[in-house]
J.: 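So that we are looking at the same thing, I have put the structure below in structure tokens.
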Amino acid sequence: MSSTDTLTPSQTSTNAQVLDATTHANIHDKLARALGIKTAQVNAFVKLYDEGATVPFIARYRKEKTQNLDDAQLRALEKSLNYERDMATRRLKITELLSTQGNLTDELQTRIDNATSKLELEDIYLPYRPRRRSPAAKARAAGLDVAAQAILTQEIAPTDALADYQIQSNVTDDSGQEIEVDFGDIEKQLAGVQAIIVDEWTQALDLLDNLRNGFAKTASIVSSVASEEKREVGEKFKDYFDHSESLARLPNHRLLAMLRGRQENVLGLKVEGEDAPFIEKIINHFDVDAKAPAARREFLAEAASSLWKDKWRPHIEHRLLTEKRLTAEADAIEVFANNLQHLLMSAPAGRKVILGVDPGIRHGVKMAIVDAQGHVMLDSEGKPVVATVYPFAPDNKIDEAKAVIDELLNTYQVDLVAIGNGTASRETDAMIKEILAANDALKAKAVIVNESGASVYSASELASDELANLDVSVRGAVSIARRLQDPLSELVKVDPKAIGVGQYQHDVNQNQLADSLDKVTQDSVNAVGVDVNTASPAILAHIAGLNKNVAQQIVTYRKEHGAFDSREALKNVPRLGVKTFEQAAGFLRVHGGSNPLDATGVHPESYALVDSLLTQTGKSLPDILGNEGVLNTIDTTALAANDDNVSVKAILDELAKPARDPRPEFKTANFREDVNSIKDLTEGMTLEGVVTNVTAFGCFIDVGVHQDGLVHISQMANDFVADPMNRVKPGDIVSVRVISIDEKRGRIGFSMKPEAEKPARTATKAAEAKSSNDDKVTRPRSSRPAADKRPSSSKPRGNRQDNRQDSRQDKGSANTRGKASKVESTEAPSKMGTLGALLKEAGVTKAKK
């Protein structure tokens with residue numbers, strides 16, 4: 001049997017193979033220092049990783065070897081290891097190329113060894129990269145290098161240096177191929193000489209570093225509307241139509257918004273900065289002012305200007321923007337990954353009968369009932385229990401709809417009603433609550449469920465396989481019900497990007513994003529574990545050691561041979577080899593099988609150790625499973641040395657709480673019944689809501705009005721909040737206060753600050769400071785954050801969360817307008833809006849005249 005399906009990127013890559021032992025050791029030492037762990041821990045991880053072990057497996061079942069590194073540390077180690085190996089491989093290649101060219105010096109080798117990024121490595125090699133058709137290469141091929149060297153080293157006028165130059169009839173490059181050149185007159189010859197000098201000066205890497213650092217501190221990024229006709233179609237980018245701010249202080253989310261605007265041809269971007277100071281530094285570095293005669297000095301000064309304007313400044317701008325973009329993308333990917341992890345690990349409702357409801361207006365409200373195992377229920381005739389009702393305009397069959405729903409709830413003893421949060425969700429929620437209130441026999445509870453991506457699942461090949469007998473329009477209702485029952489099992493069936501918890505998810509490196517999200521999903525699935533006899537191929541594919549093909553093989557084998565009676569039976573599955581079994585077995589559960597240990601997180605490799613424990617206690621396995629009292633009396637000193645993979649304590653902990661679910665307890669938010677749209681909101685209103693997304697600048701809250709509101713980072717607490725993710729996570733139920741409403745643009749501002757804790761005198765002082773500066777209300781464009789702005793909800797609501805995510809964070813800007821939104825500013829109070837706004841923000845009502 002083959003186990004090639006468990007190969008990791010580190011095994012298939014040649015990078016690790018070309019590095020010598022010293023390089024490997026240096027990398028391991030560097031990683032240990034960077035991550036604050038021991039080199040021995042790095043060595044242990046790398047050995048396991050290169051042997052094909054997955055991070056979840058190492059984190060769970062090889063704790064002894066890595067000295068208890070957790071999955072977060074191991075993921076960071078995995079990422080850094082692969083990056084450093086790539087860096088080391090590129091170092092070797094660049095060193096080899098420079099050596100072959102005869103350009104490698106001790107200084108260059110030191111710079112190569114000390115480079116900290118791939119961009120820096122490429123910068124070092126750039127001046128030496130062969131360019132056979134560059135102006136300098138053509139000039140050298142045409143014999144102009146002699147004149148160039150004369151001008152650099154002798155007191156001679158440029159024209160005199162060319163006095164003896166003979167135009168060649170045939171010019172060939174270093175490969176012997178003939179090239180076309182035109183140096184027929186003195187002006188073109190001078191240009192060729194200057195190109196050679198500029199090319200030679202580009203090798204002054206220390207000077208380049210100095211200029212790049214200086215330019216980075218002073219440069220600004222400027223965005224403008226690409227053309228007048230773009231103003232209307234690019235309305236969501238209007239905060240960047242005339243915008244400028246420091247490039248060094250540019251927040252990540254604003255850069256991504258600008259880059260998206262440029263990508264959509266709405267914005268033009270440029271970097272502004274001075275030229276003269278940097279040209280002067282080049283002139284000073286090469287001692288141009290001391291050159292004689294005057295014609296030579298002027299010629300070299302022109303070369304210095306050309307070096308800066310034509311070579312280095314464009315390169316520096318590109319590198320600075322690239323570095324900022326890479327940092328911004330990494331930050332956005334991390335935000336997405338964190339949000340996805342919290343969403344996947346949100347509380348499951350558990351084994352309950354659920355009525356899934358996919359609300360709609362013109363096309364009706366689709367419904368389906370799933371049983372406690374997540375299967376679509378069948379009626380007495382063996383048909384799926386599904387229905388579509390039309391309670392809203394234009395049909396308005398409200399009574400008929402209520403009768404159908406009431407019958408479904410009664411007949412099938414429904415525990416929960418899962419209502420998708422798309423179009424007509426609040427109207428549907430209100431209708432179902434009326435039905436529940438009118439019938440005391442009904443014990444169900446209505447819950448609003450995020451339906452983002454449900455339509456994507458409905459049309460997928462997986463949905464066609466799982467729900468082949470259901471119409472596509474009804475599959476969404478099934479998915480909504482299952483999301484409430486077990487969010488993890490259902491959400492893994494959808495591309496994470498369709499779930500819509502990302503920040504600029506379409507603007508980042510898609511391979512890196514997919515890799516990060518896949519690892520988050522894998523960690524979440526393995527943290528919970530799956531029932532191998534009920535799991536879908538989608539969730540099985542994320543189990544450590546498995547992939548889509550082996551996952552499908554497991555499901556196919558299960559259909560052909562019936563439920564697995566034990567983990568051992570998994571070895572009969574085609575393509576599930578020894579290594580795959582080792583990696584996956586501990587995360588696959590077999591409930592009701594021949595061995596109770598198969599339903600726990602104890603790995604089969606430790607079953608013998610458990611048998612030794614049972615022998616010592618004289619009890620059976622059912623007697624000790626979940627019995628902490630008995631387990632605490634076991635003397636493990638004699639057994640500790642028998643298993644150096646996972647500690648005996650870890651095994652006892654698992655036996656005490658077998659297959660413990662790490663997810664939180666299920667609970668729901670209570671939306672106010674009198675608040676169904678943005679029109680129902682008033683400033684000062686306090687509401688309960690659910691955190692739908694967390695970004696670098698705050699969090700978004702769903703209070704049941706079809707438009708999430710923003711709690712800006714400055715409104716999350718009275719104390720300083722460095723990272724919103726440290727305060728809330730998707731799925732959290734929080735209390736918020738409405739502080740601003742922009743119905744026209746569909747924007748809602750919330751605050752999580754306890755209103756009573758805001759001292760009024762602070763606001764008064766702020767107001768006094770503002771009052772004394774009323775004639776200075778205009779602020780620099782770069783003085784206020786902008787990612788806290790929200791767009792109008794004009795996109796289709798089929799995938800509500802994803803639609804709003806793509807645009808709402810683009811609205812961030814540092815532009816100045818007449819009045820600042822109360823939820824926008826993080827400036828000192830003296831720079832905020834009006835006195836009335838300040839007093840209201842502080843909870844003080846302005847006295848009426």
J.: Could I get the full list of ring-ring contact (aromatic ring centres under 6.0 Å, His included) partners for Phe587, not counting sequence neighbours?
T.: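 Residues passing ring-ring contact (aromatic ring centres under 6.0 Å, His included) with Phe587: Tyr61.
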J.: Identify the two heavy atoms, one from Leu77 and one from Ile37, that lie closest to each other, and give their separation to 0.1 Å.
T.: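 Answer, listing the atom of Leu77 first, then Ile37: CD2-CD1, 4.3 Å.
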J.: Considering only residues two or more places apart or on different chains, which pairs with a residue in residues 198-222 satisfy ring-ring contact (aromatic ring centres under 6.0 Å, His included)?
T.: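 Every ring-ring contact (aromatic ring centres under 6.0 Å, His included) pair that includes a residue of residues 198-222, provided the two are not neighbours, is Trp201-Phe286, Phe215-Phe278, Phe215-Trp308.
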J.: Does Leu247 offer a backbone N or O that forms a donor-acceptor pair with the side chain of Lys324 under 3.5 Å?
T.: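 Side chain of Lys324 to backbone of Leu247, a donor-acceptor pair under 3.5 Å: yes, one is there.
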J.: Is a side-chain donor or acceptor of Ser524 paired with a backbone partner of Val520 at a separation under 3.5 angstrom?
T.: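 Yes.
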J.: Is Thr95 reaching over with its side chain to a backbone N or O of Arg91, donor-acceptor style, under 3.5 angstrom?
T.: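 Yes; at least one donor-acceptor contact below 3.5 Å.
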J.: Working to the nearest 0.5 Å, report the span between CG of Leu255 and CG of Asp331.
T.: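 Answer rounded to 0.5 Å: 11.0 Å.
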J.: Would you tell me whether Asn526 and Gln522 have side-chain atoms, one donor and one acceptor, within less than 3.5 Å of each other?
T.: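 The criterion, which ignores hydrogens and geometry beyond distance, is not satisfied for Gln522 and Asn526.
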J.: More than 12 foreign heavy atoms under 6.0 Å from NZ of Lys118: is that the case here?
T.: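 Counting neighbours around NZ of Lys118, more than 12 heavy atoms of other residues, nucleotides or ligands fall under 6.0 Å, so yes.
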J.: Give me the atom names and distance for the closest heavy-atom approach of Gln41 to Thr66.
T.: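 Closest approach of Gln41 to Thr66: NE2-O, 3.1 Å.
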J.: Locate the shortest heavy-atom distance separating Leu250 from Ile221; write the atom from each residue and the value.
T.: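 Closest approach of Leu250 to Ile221: CD2-CG2, 4.0 Å.
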J.: Which atoms form the tightest heavy-atom contact between Arg575 and Val550, and what is the distance?
T.: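 Scanning both residues, the minimum pair turns out to be O-CG2, 3.9 Å.
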J.: Can you list the residues that meet the salt bridge (Lys or Arg N to Asp or Glu O under 4.0 Å) rule with Asp182, with sequence neighbours excluded?
T.: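 For Asp182, the residues satisfying salt bridge (Lys or Arg N to Asp or Glu O under 4.0 Å) (neighbours in sequence not counted) are Lys188.
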J.: Which atom names give the shortest non-hydrogen contact between Met725 and Asn338, and what distance separates them?
T.: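 Closest approach of Met725 to Asn338: CE-CB, 3.4 Å.
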J.: Measure across Ile112 and Leu98 and return the closest heavy-atom pair with its distance rounded to 0.1 Å.
T.: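 Looking at all heavy atoms of both residues, the closest pair is CD1-CD1, 3.6 Å.
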